[in-house]
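As the structure is a prediction and not an experimental result, all values here were calculated from the model. Numbers restart at 1 for each chain; the letters A, B, ... are given by sequence-line order, proteins then strands.
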Number of protein chains: 2
Amino acid sequence: MTDDLDKSTFERSCCPIACALDYLGDKWTLLIIRDLLLGKKRYQELMASPKRIATNILADRLKKLEASGLVIQQAYQQKPVRYEYVLTKKGEDLRPVLEALVKWGKAYFPGVRFLNPMNKD
Amino acid sequence: MTDDLDKSTFERSCCPIACALDYLGDKWTLLIIRDLLLGKKRYQELMASPKRIATNILADRLKKLEASGLVIQQAYQQKPVRYEYVLTKKGEDLRPVLEALVKWGKAYFPGVRFLNPMNKD
DNA sequence: CGTATTAACTTGTTAAATGCAAGTGACTGT
DNA sequence: ACAGTCACTTGCATTTAACAAGTTAATACG
C-alpha cells in the first residue's frame with residue numbers, strides 16, 4: 001500500500017508526518033523508544049545506552065513522552081518510590097517505524113562503525 | 001518479520017537506528033524528504049510547505065542531504081544556473097519509514113487540526 | 001553510628017542549533 | 001531603468017542541548 005504517502009494525505013492542512021514529528025522529531029526521542037521497545041525500563045538502563053544521553057535530557061524526554069501518552073510510569077518499589085517506564089499502545093505502535101528505520105540503516109550502514117568518524121558508539 | 005528489532009541488532013556497537021538518526025534525527029530533515037517524495041523539486045516549492053521552514057535552515061539541510069548522498073542537485077536551467085533537488089535511491093528508500101509514520105500519525109491524530117493547539121499548519 | 005554506594009533526578013552554566021529579518025547576485029519582463 | 005523572481009547568504013536573537021555538579025531518599029558495610 002505504497003500510496004499512504006499521497007498528495008491528499010499531505011495536503012490536509014495537518015500532515016500526519018508533521019504531527020508525528022512534533023513528538024518524535026529530535027535527536028533522542030526515537031532512541032529512547034527503541035530502548036523501551038527492546039525491554040529497557042529503568043532510568044539507569046536507559047542511561048546506559050551506547051550513545052550517551054545527558055541525564056537532564058533523558059529526564060525531560062521521559063516527561064514529554066508521558067505527557068504525550070507514549071509512555072507511562074509504573075512504581076516498582078516504595079521507600080523510596082521508584083518508577084519504571086513502559087510504552088503504551090500508542091508507543092508500541094511505533095514499532096513498524098523503528099523497524100523500517102532498522103531496515104534502511106542496515107542497508108546503508110552495514111559496517112558504519114569503521115566508516116563514520118562521527119560515530120561515538 | 002518483527003524481530004528486525006531485536007537485541008543482537010541493537011547491541012552491535014553501532015545500532016542502525018542510531019546511525020540513521022544521525023542523518024534524520026532533527027526537526028526538519030524528514031519533512032523535506034517527505035516533500036521530495038511527493039514530487040517537490042525546487043527551493044520555492046520546498047519553502048512553500050504548510051510548516052514554514054526558515055530559509056537558512058532549508059539551505060543547510062539540503063546541503064547536508066546532498067553530502068550524505070540522499071539527494072542530488074540537477075541543473076534545470078543555465079543563466080543563471082539553477083538546481084532542483086532529487087532523491088537518490090538511498091533517499092527514495094526512506095519511503096517505507098515515512099509510510100509507517102503516516103500510518104501512525106493517521107491512527108493517533110485523525111483530527112489533530114482541531115485538537116492540538118501547538119499546530120501551526 | 002558514620003561513611004559509602006545506588007537510583008533517580010535537578011540545577012546551573014556553556015555551547016550549539018534554530019528562527020527571524022534583511023540583504024545579495026543573476027537574471028527576466030515591462 | 002526599474003520592479004520582480006529565484007535561490008540563496010549573513011547577522012543576530014532566541015531556544016534547545018550538552019556538560020558538570022549537586023540533591024534526596026534510601027540500603028549496605030564496618
Could you tell me the separation between the NZ atom of B/K63 and the P atom of C/dT18, rounded to a whole number of Å?
-> 14 Å

Of A/R95, A/K89, A/K90, which meets side chain to side chain donor-acceptor pair (under 3.5 Å) against A/D93?
-> A/K89

Starting from C1' on C/dC20, measure out to NZ on B/K51 and report it in whole angstrom.
-> 17 Å

salt_bridge(A/D26, A/R61) N-O dist < 4.0 Å | yes

List for me each residue that meets salt bridge (Lys or Arg N to Asp or Glu O under 4.0 Å) alongside B/K64, sequence neighbours excluded, and say none if there are none.
-> B/D60

Atom pair distance, as rounded to whole Å: NZ in B/K41 and P in D/dC6 | 17 Å

What nucleotide among D/dT9, D/dC6, C/dC9 has an atom nearest to a side-chain atom of A/Y43?
-> C/dC9

When the distance from CG of B/L58 to P of C/dC20 is rounded to whole Å, what number comes out?
-> 14 Å

Can you see which heavy atom on B/L62 is nearest to which on B/I32, and at what distance?
-> CD2-CG2, 4.2 Å

Aromatic centroids of A/F109 and B/Y23 separated by under 6.0 Å | yes

Gap between atoms OH and C1', on B/Y83 and D/dC6 respectively (whole Å) = 14 Å

Salt bridge or not for B/D22 and A/K51, using N-O below 4.0 Å?
-> yes

Using whole Å, report how far CG of A/L62 lies from P of C/dT10.
-> 10 Å

Hits for salt bridge (Lys or Arg N to Asp or Glu O under 4.0 Å) against A/E66, two or more places apart or cross-chain, chain-then-number order -> none

Can you check the B/I32 CD1 to C/dT18 P distance for me, whole Å?
-> 10 Å

Between A/K40 (NZ) and C/dA7 (C1'), how many Å, whole number?
-> 16 Å

Readout for nucleotides 17-22 of chain D: B = base within 4.0 Å of protein heavy atom, S = sugar-phosphate only, - = neither; 5' to 3' it is SBB-B-

Which residue pairs pass the side chain to side chain donor-acceptor pair (under 3.5 Å) test when at least one of the two sits in residues 72-83 of chain B, sequence neighbours left out?
-> B/Q73-B/Y85

Using only side-chain N and O atoms of B/Y76, determine if any of them is under 4.0 Å from OP1 or OP2 of D/dA7.
-> yes

What pairs with A/R42 under salt bridge (Lys or Arg N to Asp or Glu O under 4.0 Å), at least two apart in sequence or on another chain?
-> A/E84

Using a 4.0 Å cut-off on protein heavy atoms (strictly under), produce a 5'-to-3' string for nucleotides 25-30 of chain C with B for base contact, S for backbone-only sugar-phosphate contact, and - for none.
-> BBS---

